[in-house]
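Reading through the structure tokens given below for one structure.
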Amino acid sequence: MEIKLIFSAVLLVFLPFLAYHAESVTIFDISKYGAKPGGDDISPVLAKVWKEACEATNASKVLIPKGTWYLSQIRLVGPNKAPLELEVQGTVEANPDYTKLPQKDGQWITINYLDGFTISGGGVFDGKGEQAWKANDCHKNPNCPKLPINLSLNFIKNAIIKDVTTKDSKNFHCNCISSQNVTFQRFTISAPGESINTDGIHIARVSNVKVLDSDIGTGDDCISIGDETTDLHIENVKCGPGHGISVGSMGKNPAEKDVTGITVKKCTFTGTSNGVRVKTWPNAPATLKISNLHFEDLTMNNVSYPVVIDQQYCPWNLCTKDKPSLIQISGLTVKNVRGTANTKEALLFSCSSSKPCQNVQISDIDLKYVNSIPANFTTVCENVKPTVSGKQNPPICPTPVQAS
């Protein structure tokens, strides 16, 4: 009885506060401002209500209701004066023709300079990318057209992106650049495995970013990690199809800055070309350090290369390998990796001859070849002497250091 009385007293104190805050959220529903599903470009209406929402001194929500909405291109820029939410319940569609983008060098949806921001709603950002994938020849044509990213987030602080989908982007699905304290949760990315250069989330120059409980299937890296990334935590992510979760590539730009504190944990990779990977260019000017990497509790289902450290990364022969990478990798932990691989070299540690990998710890590896285990199912180790413990299948390097 006493507990009930206390609980009732607490409710009496806080209910008015909660009610006030619930009522104080101003909703800017684009359908109330003239936008119509299946109709004209919603960008003018969206730009108008966004400006009003940013000026609001109380919490506000920009709502895109259920339905299909055509959006040519938009830049949603702060600052915002109070917490701001973009709730997308419907499907927002791009023009399938990438040449019709109003700003040719821009992204499809750009969101910049916000603090206290949420994207939610269960809706879809559909980039209609099939035509662009067929025209993409950037791997051999340095003058190829710049294709738009579905959702470009820059200079964002204290944000959560949850319960939305980005589909069939013409380029990367989402980037998160120069931002702090951002969480992606239950974030879905969907594109076929043959969609070219469609990284799921590209993250760079950030601190304290989390990617949690998300499902990413695309034609390139599920998550790609660029320079100056600090304290990135990736957990319970399903990756596939795609190229895995990658740190890099790094090395081509001499101004690149250190990467540290990357955790990939409790993730599942299915049918991907890689699981977790670090890639740096040889014969390149950058001298940054990549440190404190933790790859733990990972499940591999028919993955080509479950764990890769590749410091001779040179796709499409775009470089020469006459000089080694100048990037130092250190403080790498690979722990409890299980499942199946479809190549004989299941784990690849190809470190730089000028900067051998340091402080590498490998434990509890239990990988099986998808068919039967060949006699040479193995690990490749170059310029690294890892400390190993626990199960080692395949064998970890010819002469590893045994943990005491």
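Predicted model only: the values in this text are computed from it and were never measured.
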Between [Y] and [X], do the side chains contain a donor N or O and an acceptor N or O under 3.5 Å apart?
X: S350; Y: Q311; value: no
X: S352; Y: S354; value: yes
X: N171; Y: N197; value: yes
X: S304; Y: S273; value: no
X: N302; Y: T340; value: no

Has the side chain of [X] got a donor or acceptor atom that lies under 3.5 Å from a matching backbone atom of [Y]?
X: W108; Y: L71; answer: yes
X: N80; Y: D115; answer: yes
X: N175; Y: L153; answer: yes
X: T118; Y: E85; answer: no
X: N136; Y: C138; answer: yes
X: Q107; Y: I149; answer: yes
X: S195; Y: T198; answer: no
X: D199; Y: I201; answer: no
X: N283; Y: P324; answer: no
X: T299; Y: T268; answer: no

Checklist entry - Sulfur to sulfur, is the gap between C267 and C239 shorter than 2.5 Å? => result no

Looking at [options], which one forms a side-chain hydrogen bond (donor to acceptor under 3.5 Å, both in side chains) with [X]?
X: S72; options: N95, D41, D40; answer: D41
X: N208; options: T230, N181, T183; answer: N181
X: D213; options: R186, Q185, K238, K162; answer: Q185

**Request:** State whether the number of non-hydrogen atoms from other residues, nucleotides or ligands found under 6.0 Å of E130 atom CD is greater than 12.
**Result:** no

**Q.** Over 12 foreign heavy atoms within 6.0 Å of NZ, K104
**A.**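 Enclosed: over 12 neighbouring heavy atoms sit under 6.0 Å from NZ of K104.
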
Hits for disulfide (SG to SG under 2.5 Å) against C351, two or more places apart or cross-chain, chain-then-number order -> C357

Do [X] and [Y] have side chains that get closer than 4.5 Å, going by heavy atoms?
X: F155; Y: I177; answer: no
X: F349; Y: T379; answer: yes
X: L347; Y: L367; answer: yes
X: V209; Y: S207; answer: no

Intermediate values then yes/no, side chain to side chain contact (heavy atoms under 4.5 Å, CB included), N150 and F172 = CA-CA 7 Å; N150 262 13; F172 291 6; over 6 Å; no

Item checked: Considering all heavy atoms, the nearest F187-I189 contact ->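 Looks like CE2-CD1, 3.7 Å.
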
Under 3.5 Å donor-acceptor pairs involving side-chain atoms of residues 28-38, not counting sequence neighbours:
| unit_1 | atom_1 | unit_2 | atom_2 | d |
| --- | --- | --- | --- | --- |
| D29 | OD1 | S31 | N | 2.9 |
| D29 | OD1 | S31 | OG | 2.7 |
| D29 | OD2 | S31 | OG | 3.2 |

- Query: Going through the distances and angles, do E93 and K128 end up as a side chain to side chain contact (heavy atoms under 4.5 Å, CB included)?
  - Reply: CA-CA 7 Å; E93 293 186 339; K128 298 286 183 181; 3.6 Å; yes

Donor-acceptor pairs are to be reported for all side-chain atoms of residues 241-254 against protein atoms at under 3.5 Å, with residues two or more places apart or in another chain.
| unit_1 | atom_1 | unit_2 | atom_2 | d |
| --- | --- | --- | --- | --- |
| H243 | NE2 | G219 | O | 3.3 |
| S246 | OG | D221 | OD1 | 3.1 |
| S246 | OG | R277 | NE | 3.1 |
| S246 | OG | R277 | NH2 | 3.4 |
| S249 | OG | W281 | NE1 | 2.9 |
| N253 | OD1 | A255 | N | 2.9 |

